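Convention: sequence-line order gives letters A, B, ...; per-chain numbering from 1. These figures come from a predicted structure and were not determined experimentally.
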Amino acid sequence: MTTTVIKYVGRTTDFKGKTLWEIIGNLKNKGVGRYVIRSVFQRYPEPSFMKIVKVETCPAEERRRVRVWVEKTFRGHTLPKLNEIYRTSYKTDYQLIPKNEEKKLLSLLEQYKRSVEVLPNSIEMPPLMKKFIIKDHERKGLEPVKEFTMPITYNHSPNRIHRIAQGNEKPTVQFTMGLGKPASPSLYEGVNLN
Amino acid sequence: MLSSNNLLKKVLPNLIQTAGAHRKPRWLPVAKSKIYRIPKRPVITEEERLELLRINNNYKTQMRAIRRFYHQDMIKQKSSRESATSEMSQRLEAEEWTRCIEINDKWNAQVATEREERRKKEIAAMEEYALARMEKKDILLREKIEKASAEIRREKELSSTFITPETLDSAIDHAIANPTDYNFAIDLKGNVYKGRDTMAAPPTEQKASATN
């Protein structure tokens, strides 16, 4: 089952590792209690790993797959519920954490503790839209607008830890209609951002 | 694949010039010359990646906000328009209803007068018919009575020749005096010989035709 030499042919890939069954099938007690990582999630500085809680094998037709319930930690945030891995279990992207490195991984969790982000609940309108709305209200004979803001909606995911600001709460992240503050200022050298 | 363009090209080769698709159809496999080609992956610096990510996320957030704003606006406008139209439509409906009732009443009155006239005519016709029938029956009855009375008169006239107890003796006498013999014989020629004891006598009447 285990291959020592891996020779890549064809298109390049980001995946690095084995399928989940290749790892789990060789372990004592089907690897319950062990930690595995997805190598693509190692792009983030925060630790992302999964602790195996329960394993169910699959019939012969699905020989590359396995049904596993894990305690998932994504970017330093441990999800409250167990996650089932089945559809993605065939991906050759799983790596096992040796038992002597588990402690190190868990200690990283303390180091990269993230605070909950508070997202703004409204955003200023773009300049042309402001003018358009003023004209539109004049044309329809409505009272003139004073506040040129509109509410923001967000896509939610259990992997994210954020909260939308309520009332006049000060958000920790700011979204503007302009360019905003560059993430890499070196790209804007010699450009007047104001 | 035979598309309409290809067909046109075959029929009118020099008249029509069309720009065909620049791709192979989706269901064809990878071209032979491209099977072993490995496309290069774009190389992007970490700085640029982060900045692009931030800008794109920012753009998506802005656009979502704008889209939501106008979506809500549209919903509000639609609901207000619907409520306004519903009031208007209710009023219009009530007007329509009263107008319909008026028209209906008018029609009803018209139909009632027509019905009265028709009923009158019908009753008159019925009366006429009944009278005619009665008259016909009267005539029939009168004829019957006349016929019967004529019969009675005839019988009364005949009654004078009836044999009564008073006239019985004379009638018997008369009958004895004038016996009637109904017997007769016929010869081969059809001559009739009346009487039982009548001797062969020269025939009283010639029946030549009977022999034939």
Side-chain angles (χ1 to χ4, degrees), chain A residues 8-15 40 43-45 117 119-133 136-137 139-142 145 147-157 160 162 164-165 171 173-189 191 193, chain B residues 22-91:
Chain A
Y8 289 107
V9 174
R11 296 194 176 209
T12 51
T13 176
D14 285 332
F15 284 0
V40 290
R43 66 174 76 167
Y44 303 113
E117 280 180 346
L119 300 172
N121 54 13
S122 64
I123 189 170
E124 204 185 2
M125 288 178 185
L128 194 63
M129 192 173 160
K130 277 184 203 170
K131 286 186 180 173
F132 174 78
I133 281 179
D136 196 42
H137 278 231
R139 194 163 53 80
K140 283 178 183 168
L142 301 168
V145 197
E147 261 197 2
F148 290 100
T149 55
M150 48 193 176
I152 308 183
T153 45
Y154 294 99
N155 296 332
H156 296 281
S157 157
R160 295 179 193 167
H162 63 223
I164 297 164
V173 193
Q174 277 293 344
F175 296 118
T176 55
M177 270 297 162
L179 187 64
K181 196 184 158 206
S184 0
S186 60
L187 294 173
Y188 293 91
E189 267 173 32
V191 179
L193 289 176
Chain B
H22 297 294
R23 287 181 156 277
K24 70 171 173 60
R26 203 48 229 267
W27 51 88
L28 291 185
V30 180
K32 267 185 185 171
S33 60
K34 300 280 184 281
I35 286 178
Y36 301 111
R37 188 181 62 98
I38 297 168
K40 265 189 187 161
R41 308 184 96 191
V43 180
I44 188 165
T45 59
E46 184 63 16
E47 284 180 338
E48 211 174 329
R49 189 187 70 81
L50 283 175
E51 181 61 11
L52 281 176
L53 186 70
R54 185 191 71 87
I55 288 172
N56 282 325
N57 283 349
N58 210 0
Y59 172 76
K60 278 184 235 165
T61 308
Q62 292 162 1
M63 283 312 289
R64 221 185 300 124
I66 293 170
R67 220 175 288 129
R68 180 199 151 116
F69 179 80
Y70 277 112
H71 187 242
Q72 298 291 342
D73 196 42
M74 186 200 72
I75 288 169
K76 217 191 284 170
Q77 278 187 18
K78 199 180 169 191
S79 67
S80 68
R81 209 182 321 127
E82 263 172 14
S83 66
T85 51
S86 73
E87 271 177 32
M88 186 107 94
S89 67
Q90 271 183 3
R91 217 186 50 232

**OP:** Select one option (side chain, backbone, both, neither) describing which atoms of Leu53(B) are under 4.5 Å from chain A's heavy atoms.
**Re:** neither
Subject >> Ile133(A) portion near chain B, given a 4.5 angstrom heavy-atom threshold >> reply: side chain
Original post:
Would you find more than 12 non-hydrogen atoms of other residues, nucleotides or ligands less than 6.0 Å from Lys24(B) atom NZ?
Top reply: yes
Original post:
Looking only at heavy atoms, what is the nearest atom pair of Ile123(A) and Ala65(B), with distance?
Top reply: CG2-CB, 3.7 Å
Original post:
How about Met74(B): does its CE atom have over 12 heavy atoms from other parts shown lying under 6.0 Å from it?
Top reply: yes
Original post:
Of the backbone (N, CA, C, O) and the side chain (C-beta and beyond), which part of Pro126(A) lies under 4.5 Å from a heavy atom of chain B, both, or neither?
Top reply: side chain
Give each N or O donor-acceptor pair spanning chain B and chain A at a distance under 3.5 Å, with atom names and distance to 0.1 Å, or state none.
| residue | atom | partner | partner atom | Å |
| --- | --- | --- | --- | --- |
| Arg41(B) | NE | Thr12(A) | OG1 | 3.2 |
| Arg41(B) | NH1 | Asp14(A) | OD1 | 2.9 |
| Glu47(B) | O | Ser184(A) | OG | 2.7 |
| Glu47(B) | OE1 | Ser186(A) | OG | 2.9 |
| Glu47(B) | OE2 | Ser186(A) | OG | 2.8 |
| Glu51(B) | OE1 | Ala183(A) | N | 2.6 |
| Glu51(B) | OE1 | Ser184(A) | N | 3.4 |
| Glu51(B) | OE2 | Tyr188(A) | OH | 2.5 |
| Arg54(B) | NE | Lys181(A) | O | 3.1 |
| Arg54(B) | NH1 | Leu179(A) | O | 3.1 |
| Arg54(B) | NH1 | Lys181(A) | O | 3.0 |
| Arg54(B) | NH2 | Leu179(A) | O | 3.0 |
| Gln62(B) | NE2 | Thr176(A) | O | 2.7 |
| Arg64(B) | NH1 | Thr153(A) | O | 2.4 |

**OP:** Check whether more than 12 heavy atoms from other residues, nucleotides or ligands sit under 6.0 Å from atom CG of Leu128(A), and answer yes or no.
**Re:** no
